[in-house]
Amino acid sequence: MAMVTTPYFTGFQQDLALSDCKEVIEFIEDHGETKKRECRETLPEKDRFYNDNNDERKRDKNPPKPLYEIQYLNPCSVGIEHMRGCHQNPDAILCEDGSSPYTRIIRFIEGPRKGEQIITHGLCPGEETPPNIPDAELRQEQVIISPSKFRNLPILASKVKSDPEKFSLRNGNSHFWADAVRQNFNISMNGEPVRVKAIPDGWNWKYGDGTTRNLDFPGEPAPNHTLRDETPTSHSYKETGTYSVGLTTLFRGEFSVDGGPWQSIPGQAAVPSDPIEIDVWRTKKELIARD
């Protein structure tokens with residue numbers, strides 16, 4: 001990596017002192033990668049870290065603590081979620097609950113570590129741990145809805161619907177759809193009023209016969225549907241029996257602080273629905289003789 005040269009001054013020195021610097025990316029266990037700038041100072045140790053105080057040179061024995069803020073990167077971006085939504089990469093590895101992983105960035109904004117970043121990629125529910133950074137402080141005025149806080153909201157699950165209702169025939173097309181709505185919440189953080197929206201974004205079906213489907217639309221009622229009609233959300237059972245149909249709805253989130261602009265919440269909340277049972281029968285043809 002190319003070396004850059006930056007000026008360095010002390011409180012009393014007017015001459016320009018140069019130091020060679022370079023950016024270094026390191027991997028830190030439990031945190032991910034961190035980017036920082038290392039410099040080889042040209043000033044002797046005795047000329048560093050002094051303050052002006054009544055024209056006396058004094059060593060600063062209490063340097064400021066590193067101050068950091070947290071930022072999340074989310075594939076579901078507000079305003080372009082239809083162009084670059086949570087399912088933009090069909091080959092991406094999803095979390096166990098079907099939600100999309102997210103990225104956390106810890107950025108130092110003040111103190112001796114200013115400019116450093118600790119980046120953790122591919123986080124899933126339950127994997128994010130609080131930052132363990134000795135002698136550093138989080139910017140207290142920052143209001144942010146973390147993925148775990150969003151998932152802990154009382155988000156209502158979708159209702160599973162079927163046509164025919166809880167009944168089908170072998171090799172017939174059972175029509176399923178989900179009844180899901182956007183939900184709004186009002187909470188308070190750091191004394192600020194915060195509005196939160198939970199928006200259904202994905203529907204992961206389990207039909208009970210070992211077949212699954214992950215869709216980005218919920219389906220809709222089909223009043224004139226028959227078992228001969230295949231729909232975008234229908235399923236055909238090849239054997240008779242009783243099957244438990246399950247659904248997990250993925251919700252993406254947005255939040256607004258005190259009427260400010262809407263911001264995306266990283267990750268998704270996976271909310272399971274109560275399953276329904278489908279009885280699948282078979283038809284039997286018989287010849288009936290007439291007298």
Side-chain angles (χ1 to χ4, degrees), residues 75-76 81-82 85-102 122 124-127 147 151 153-183 198-252 267-291:
C76 312
E81 59 271 8
H82 298 296
C86 301
H87 312 285
Q88 64 202 33
N89 183 2
D91 298 323
I93 299 177
L94 300 178
C95 300
E96 290 186 2
D97 62 359
S99 62
S100 299
Y102 59 92
C124 287
E127 294 181 354
R151 290 191 297 269
L153 292 174
I155 302 175
L156 298 178
S158 302
K159 293 182 179 180
V160 180
K161 304 286 187 177
S162 68
D163 184 17
E165 185 176 0
K166 300 183 179 181
F167 163 79
S168 187
L169 294 177
R170 186 179 64 176
N171 296 322
N173 294 300
S174 302
H175 177 57
F176 298 100
W177 74 96
D179 185 8
V181 296
R182 295 190 178 197
Q183 300 169 48
I199 305 167
D201 185 69
W203 292 263
N204 297 344
W205 294 90
K206 293 183 177 180
Y207 296 105
D209 60 351
T211 306
T212 62
R213 291 178 74 187
N214 297 339
L215 303 176
D216 58 2
F217 57 94
E220 59 185 3
N224 299 320
H225 172 264
T226 70
L227 289 173
R228 290 186 293 270
D229 302 326
E230 185 177 1
T231 70
T233 54
S234 64
H235 180 67
S236 179
Y237 290 94
K238 305 305 179 184
E239 301 293 339
T240 59
T242 300
Y243 298 92
S244 179
V245 180
L247 171 67
T248 297
T249 304
L250 305 178
F251 289 83
R252 65 178 180 86
Q268 295 165 291
V271 183
S273 302
D274 292 331
I276 63 172
E277 287 192 345
I278 298 291
D279 289 323
V280 180
W281 297 358
R282 67 182 178 90
T283 57
K284 182 178 181 181
K285 295 181 179 181
E286 293 183 353
L287 295 177
I288 300 177
R290 293 185 178 182
D291 295 335

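- To the nearest 0.5 angstrom, Ile199 atom CD1 is 11.5 Å from Gln268 atom CD.
- In this structure the side chain of Phe251 never reaches within 4.5 angstrom of the side chain of Arg151, judged on heavy atoms.
- Interatomic distance, CD of Glu220 versus OG1 of Thr231, reported as 9.0 Å (0.5 Å rounding).
- Counting only heavy atoms from C-beta outward, the side chains of Val160 and Trp177 never approach each other to under 4.5 Å.
- For the pair Thr233 (side chain) and Phe176 (backbone), a donor-acceptor distance under 3.5 Å is present.
- The aromatic rings of Tyr207 and His235 sit parallel to each other, their planes meeting at less than 30°, with 60° as the upper class boundary.
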Side chain to side chain contact (heavy atoms under 4.5 Å, CB included) for Gln183 and Leu156? Distances and angles first, verdict last. CA-CA 8 Å; Gln183 300 169 48; Leu156 298 178; 3.6 Å; yes
Using side chain to side chain contact (heavy atoms under 4.5 Å, CB included), reason through Trp203 and Asp201 one step at a time and then give a plain yes or no. CA-CA 7 Å; Trp203 292 263; Asp201 185 69; 5.8 Å; no
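- Neither side chain, Asn173 nor Ser236, offers a donor N or O lying under 3.5 Å from an acceptor on the other.
- When all heavy atoms of Val280 and Arg170 are compared, the pair lying nearest together is CG1-N, 3.5 Å.
- Using modelled atom types, no side-chain atom of Arg252 and backbone atom of Gly202 make a donor-acceptor pair closer than 3.5 Å.
- The side-chain heavy atoms of Asn171 and Lys238, taken from C-beta on, include a pair separated by under 4.5 Å.
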Working for side chain to side chain contact (heavy atoms under 4.5 Å, CB included), residues Asp209 and Tyr237: CA-CA 8 Å; Asp209 60 351; Tyr237 290 94; 3.6 Å; yes
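- Across all non-hydrogen atoms, the minimal contact from Pro147 to Tyr102 is CG-CZ, 3.3 Å.
- With a 4.5 Å cut-off on side-chain heavy atoms, Pro200 and Val181 do not count as touching.
- Taking each heavy atom of Trp281 and Thr240 in turn, the nearest pair found is C-CG2, 3.7 Å.
- Surrounding CD of Glu230 are at most 12 heavy atoms belonging to other residues, nucleotides or ligands under 6.0 Å away.
- The minimum heavy-atom distance between Pro125 and Cys95, with the atom names listed, is CD-SG, 3.8 Å.
- Separating the OG atom in Ser273 from the NZ atom in Lys159 is a distance of 10.5 Å, to the nearest 0.5 Å.
- With a 4.5 Å cut-off on side-chain heavy atoms, Ser174 and Ser234 do not count as touching.
- A donor-acceptor pair is defined here as one N or O able to donate and one able to accept, closer than 3.5 Å; such a pair exists between the side chain of Asp97 and the backbone of Ser99.
- Taken to the nearest 0.5 Å, the OG atom of Ser100 stands 7.5 Å off from the CG atom of Leu250.
- Across all their heavy atoms, Lys206 and Thr212 have their closest contact at CG-CG2, 3.8 Å.
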Could you walk me through whether Asp279 and Ser168 pass the side chain to side chain contact (heavy atoms under 4.5 Å, CB included) test, one step at a time? CA-CA 6 Å; Asp279 289 323; Ser168 187; over 6 Å; no
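- Using a 4.5 Å heavy-atom cutoff, the side chains of Ser162 and Val245 are not in contact.
- Here the side chains of Ser158 and Leu247 are in contact, with some heavy-atom distance below 4.5 Å.
- When side chains are defined from C-beta on, Val271 does not count as touching Thr248, because their heavy atoms never get closer than 4.5 Å.
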